[in-house]
Asker: 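Quick one: this structure, given as C-alpha cells, is what I'll be asking you about.
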Amino acid sequence: MKSEITISELARLMNVSVHQIRYFEEKGVLLPAYLDNNQYRMYSMDQVYQLSHILLLRKLGVPVQSIKECMTSYSTDQYGQLLNHSLKEINAEILRLQELQHFINRVLHEQKNFISHSNDYQIKWRETTYLARWIEMDSQITLNAKLLTEQAKSVPNLFESDLHFIEDNSRTITLYTETEAPGDFSLPSGNYLSTQRLIHEEDELEQVIEQFYSYAAAQSHVIQGPLILIERSYLSLFSQKQLHYELQALIEPTTHSERGNRS
DNA sequence: TTTCTCACA
DNA sequence: TGTGAGGA
C-alpha cells in the first residue's frame, strides 16, 4: 500500500482543481514526488506542505512566477516584508470596499428621500459645506462632453458626487464638488428652502426655477445668496434619461420678535 | 482516472 | 492565472 496520493486525491484534500496543481507544476513551483509506472503523478506529505505554502502565497497576491524564487531563497525578513506588504494592500482594499458601501448606502438613502419628497418644498437645515471649484462656464452654454475634457480638472468618481451649480453675478455658472476641507467656496450653515425634481429636458429647469422663486415669495421667505442647483447623476440609475436636481437657497431666519419690527 | 494539448477569458 | 473540452 503506497503512502503517496494521486493528483485528484491531492486536489480534493487541498480544495483546488487538478488543473491548478498541474499549472503549478508547469510553472516549476510544485513537482510530484515521483511518476508512477503508469505515468501518474504521485504526491507525498512534502508536496502537501509545499502546496499549502503556495496557496498561502497566492492568497497574499504573490504571482506564481515569483513563488518559486520566494520559496527557495526568501529569508525570514523577506517573508516579514511580504506579509507587511500584503497587509497594506488588504487594508487598502477594505477601505475601497467601505467607501463603496458608504456610497451604496448614500444612493439608497437619497433615492428614498427623493421618492418621499419629490416636487414638494422643504426647509432644510444645512451645515457649512465646503466646495471645490470644478468648471466655470457661461450660463448660456450647456454642459457637454467636449467642455468636460477641455476645461475640467479630473475629479475621481465625479458622477458619484453631488454636483453644485452656482450662478454668480456675472452670468457665469460655476460647478463645484463637495470637499471635506475648506476649498474655493463655502455655503454657510442655515435653513435652506429646497425642492427636488426629476428633469426630462433642459428647458424644464427654467420653469422650475421660476416656480421656486414664486413659491419663496408667496411664503414670504427672503432668499439670501445665490440659487444652488444640485445634480445627483447617480440617482439616474433608477430612472434613466432623467436627471435628479435639487434647488436650494439660503433663507433669512425669521423669528417672531423680528416680525413687524423692521426699521 | 489521468495525461496532454489547445483554445479562451 | 487559471478553466474547459476532447482525444488517448
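To find a chain, count down the sequence lines: A is the first, B the second, and so on, and within it residues start at 1.
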Asker: Establish, yes or no, whether the cationic atom of A:R197 lies under 6.0 Å from the six-membered ring centre of A:Y121 and within 45° of the ring axis.
Answerer: yes
Asker: Set out, line by line, the N/O atom pairs under 3.5 Å between protein and nucleotides 5-9 of chain B.
Answerer:
none

Asker: Test: salt bridge (charged side-chain N to carboxylate O under 4.0 Å, His left out). Region: residues 128-147 of chain A. Which pairs qualify, not counting sequence neighbours?
Answerer: A:R133-A:E136
Asker: Please name all residues satisfying side chain to side chain donor-acceptor pair (under 3.5 Å) with A:S44, sequence neighbours left out, ordered by chain then number.
Answerer: A:Q47
Asker: Can you name the residues that form a ring-ring contact (aromatic ring centres under 6.0 Å, His included) with A:Y234, not counting sequence neighbours?
Answerer: A:F103
Asker: Residues in ring-ring contact (aromatic ring centres under 6.0 Å, His included) with A:Y40, at least two apart?
Answerer: none
Asker: Which residues pass the salt bridge (Lys or Arg N to Asp or Glu O under 4.0 Å) test with A:K124, not counting sequence neighbours?
Answerer: A:E246
Asker: Can you give the first and last nucleotides of DNA chain C, 5' to 3', that have an atom under 4.0 Å from a heavy atom of chain A?
Answerer: C:dT1 to C:dA5
Asker: Rounded off to whole Å, could you give me the CD-to-C1' distance for the A:E26 and B:dT2 pair?
Answerer: 17 Å
Asker: For A:Y176, what residues pass the ring-ring contact (aromatic ring centres under 6.0 Å, His included) criterion, not counting sequence neighbours?
Answerer: A:F185
Asker: Can you list, by chain and residue number, the hydrophobic cluster partners of A:L31 when the side-chain cut-off is 4.5 Å?
Answerer: none
Asker: With a 3.5 angstrom cut-off on both distances, give the Watson-Crick or G-U wobble partner of C:dA8, or none if there isn't one.
Answerer: B:dT2
Asker: Could you state the atom-to-atom distance from CD1 of A:I7 to P of B:dC4 in whole Å?
Answerer: 9 Å
Asker: Quick one, which residues of residues 36-53 of chain A touch DNA chain B with a heavy atom under 4.0 Å?
Answerer: A:Q39, A:Y40, A:R41
Asker: Before giving the answer on salt bridge (Lys or Arg N to Asp or Glu O under 4.0 Å), spell out for A:D36 and A:K2 the whole-Å C-alpha distance, their side-chain angles and the decisive distance to 0.1 Å.
Answerer: CA-CA 11 Å; A:D36 210 354; A:K2 284 185 181 117; 2.9 Å; yes
Asker: So, OP1 or OP2 of B:dT2: does either fall under 4.0 Å of a side-chain N or O from A:S8?
Answerer: yes
Asker: Tell me, which pairs form a ring-ring contact (aromatic ring centres under 6.0 Å, His included) where one or both residues lie in residues 70-93 of chain A, sequence neighbours left out?
Answerer: A:Y74-A:Y79
Asker: With sequence neighbours excluded, what pairs up with A:F114 under the ring-ring contact (aromatic ring centres under 6.0 Å, His included) test?
Answerer: A:H244
Asker: Measure OH/A:Y34 against P/B:dT3 and give the value in whole Å, please.
Answerer: 13 Å
